[in-house]
Amino acid sequence: TDILNTIREEHQLSDISFKTWLETLTVHSVEDNEVTIVVPTGLIGINYITNRYLLPLKVAISEATGEEYEIALIEPKDIPSETVQAPSTIINENVERANLNPRYTFDTFVVGSNNKMAHAASVAVAESPGEAYNPLFIYGGVGLGKTHLMHSIAHFILQKNPETRVLYVTSEIFTNELIESIRSGNNADMTMTKFREKYRNIDVLMIDDIQFIVGKESTQEEFFHTFNALHGAKKQIIISSDKPPKDMEILEDRLRSRFEWGLIVDISAPDYETRMAILKKKEELDGYYIDDDVIEYIAKNVTSNIRELEGSLNKIMAFANLENCEINLALAEKVLKDIISPDEEMRVVTPEIIIRTVAEHFDLSASDLIGNKRSSQITYPRQIAMYLCRQMTDITLKIIGDKLGGRDHSTIMNGIKRIEKEVQYSEETREVINILKKKINPAKNSLK
Ligand code: ADP
Ligand code: MG
């Protein structure tokens, strides 16, 4: 520990790097002039430690002992078999059993205005599972941090109390195991009894992406009973979904009402400051050093989804490694040009671009769309334009109304609602919307 602290001070490591890397190391043995150190398996990897910390470790050890030692880094699987595993690995085993990603912890989670509530609720639940909010229901779009938060809660609970039985599953795993248990006879691996034992004899159950069990009747039924059994016994339940319960159309009412018993929190898209903070955190965790203008470039241009944000940074790093070249703005622009349109005018979607494109598509003029004619050949495209303004820009209903010839707020609202309905029921409208989105912003919308 002293040695680790020396390294920490000399290299001015942040708490997170220290905790993530060095604190996980354990000394296995000291023989002759060789110290064997165990690096836990997982994302960290021996190579990383070797590149970054082998020399500092060596220097610190010789300073502390006054003698020169060679250092051997090994993984747990390479520990000679007669030795017993250190007690610290109990936690790791629990983490594995609970299906957790070691990197998704509160320490690595950046709190921003988009996820403040969800984060606070998650911490509260982690501190007193079964007591604070039960169930905790987290909803939000793809890649915004739901899974990361759920794993963080689990890690926190397990760290404080390694005996807690935490189970994290996706709703697909839940469904598959249920189906298997229904199908199989008495001697199979997963019978109904075993299934119920597995899901009811736990302290914390986390079901990720619950939207996938919606519409599957027998799964909903079984989940309903699982929920009741656990909730009745004051066991914590945590659920994530892409929508709030009230918008999950085919969800059974009795489940919906139970989801609303506890606390419902949402995560939305991160703002610029949060995107910057997330990229910087990732830079720190991965031990990169990248110029701020590159980070700013990514944060400015990759806006909708944190997975994509991280992916962009990874892509740049991978490219630089491969080509062995410097990481700078020019490289970032080159690597990300498929994701980010280089054409400034096309990248920023404005209501003017939308109106012009919609008008062209329907063989109308922009003044037709803005004007007062009410024939259906014009109202439909006009409403499409309202809908796209709402979807593709950040402007308010009032401004959309202004741009569309001074229409009032409720006219715009009704137009948007009508198209929202049509998108659900009419293949044709969906198709039109897709084509228009591609025309309006080809770079973004060709990905999907
Ligand atoms: P979701 O489950 O909502 O689709 P994830 O939890 O899988 O999203 O998050 C996608 C990626 O973004 C993960 O790599 C996660 O670590 C990262 N991420 C999301 N939110 C944050 C945050 N607030 N701070 C740091 N990383 C985040
Ligand atoms: Mg997820």
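Positions are given from 1 along the sequence. This structure is a prediction, so every number in the text was calculated from the model and none was measured. Atom set for the values below is all heavy atoms of this structure, side chains included, hydrogens, waters and symmetry mates excluded.
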**OP:** Can you establish whether the number of heavy atoms outside E34 located under 6.0 Å from its atom CD is more than 12?
**Re:** yes
Original post:
Can you check whether I290 reaches L313 side chain to side chain, under 4.5 Å on heavy atoms?
Top reply: yes
Subject >> Polar side-chain atom of N115 near backbone of G112 as donor-acceptor pair, under 3.5 Å >> reply: yes
Original post:
Listed by chain and number, what are the ring pair (Phe, Tyr, Trp, His ring centres under 6.0 Å) partners of Y104, not counting sequence neighbours?
Top reply: H148, H151
Original post:
Is K337 salt-bridged to E333, going by a charged N under 4.0 Å from an acidic O?
Top reply: no
Subject >> Centroid-centroid under 6.0 Å between Y199 and F227 rings >> reply: no
Original post:
Taking the side chain from Q383 and the backbone from R418, do they hold a donor-acceptor pair closer than 3.5 Å?
Top reply: no
**OP:** Would you mind checking if D242 and K146 are paired as a salt bridge, meaning a charged N to carboxylate O distance below 4.0 Å?
**Re:** no
Original post:
In Å, rounded to the nearest 0.5 Å, how long is the span from OG of S257 to CH2 of W261?
Top reply: 6.5 Å
Original post:
Do side-chain atoms of E296 reach the backbone of D291 as a donor and acceptor pair under 3.5 angstrom?
Top reply: no
Original post:
Do side-chain atoms of D209 reach the backbone of Q211 as a donor and acceptor pair under 3.5 angstrom?
Top reply: no
Original post:
Looking at side-chain heavy atoms only, is the closest gap between R200 and H225 below 4.5 Å?
Top reply: yes
Original post:
Distance from L255 atom CG to I210 atom CD1, nearest 0.5 Å?
Top reply: 7.5 Å
**OP:** Kindly say whether I157 contributes a backbone atom to a donor-acceptor pair with the side chain of N161 at under 3.5 angstrom?
**Re:** no
Original post:
Is a side-chain donor or acceptor of N114 paired with a backbone partner of I267 at a separation under 3.5 angstrom?
Top reply: no
Original post:
Is any NZ, NE, NH1 or NH2 atom of the basic residue among R254 and E221 found under 4.0 Å from an Asp or Glu carboxylate oxygen of the other?
Top reply: yes
Subject >> Contacts of D293 that satisfy side-chain hydrogen bond (donor to acceptor under 3.5 Å, both in side chains) - sequence neighbours left out >> reply: none
Original post:
Does the side chain of Y288 reach to within under 4.5 Å of the side chain of E283, using non-hydrogen atoms?
Top reply: yes
**OP:** Could you check if a side-chain atom of P244 sits within less than 4.5 angstrom of a side-chain atom of D266, using non-hydrogen atoms only?
**Re:** no
Original post:
So, the side chain of T108 versus the backbone of R103: is there a donor-acceptor pair under 3.5 Å, distance only?
Top reply: yes
Subject >> V302: which of E310, R275, R307, E308 passes side chain to side chain contact (heavy atoms under 4.5 Å, CB included) >> reply: E308
Original post:
Under 3.5 Å, is there a donor-acceptor pair between the side chain of R256 and the main chain of M248?
Top reply: yes
**OP:** State, yes or no, whether a side-chain contact exists between K439 and V358 at a heavy-atom distance under 4.5 Å.
**Re:** no
Original post:
Hey, are the side chains of T393 and T350 touching, using non-hydrogen atoms and a 4.5 Å cut-off?
Top reply: no
Subject >> Set of salt bridge (Lys or Arg N to Asp or Glu O under 4.0 Å) partners for E427, sequence neighbours left out >> reply: R430
**OP:** State, yes or no, whether a side-chain contact exists between I298 and I316 at a heavy-atom distance under 4.5 Å.
**Re:** yes
Run the side-chain donor-acceptor check on residues 117-131: report pairs under 3.5 Å with partners two or more places apart or on a different chain.
residue	atom	partner	partner atom	Å
S122	OG	A118	O	2.7
S128	OG	A124	O	3.4

Subject >> ring pair (Phe, Tyr, Trp, His ring centres under 6.0 Å) partners of Y380, counting only residues at least two apart >> reply: none
Original post:
Side chains of E249 and K243: does their closest heavy-atom pair fall under 4.5 Å?
Top reply: no
Original post:
With distance as the sole criterion, is a donor-acceptor pair present between the side chains of S240 and D208 under 3.5 Å?
Top reply: yes
Subject >> Exercise: identify the closest heavy-atom pair between I237 and N134 >> reply: N-OD1, 2.9 Å
**OP:** Quick one: list whatever passes salt bridge (Lys or Arg N to Asp or Glu O under 4.0 Å) with K198, sequence neighbours left out.
**Re:** E177
Subject >> Steps toward side-chain contact (heavy atoms from CB on, under 4.5 Å) verdict (F106, H155) >> reply: CA-CA 8 Å; F106 284 128; H155 282 298; over 6 Å; no
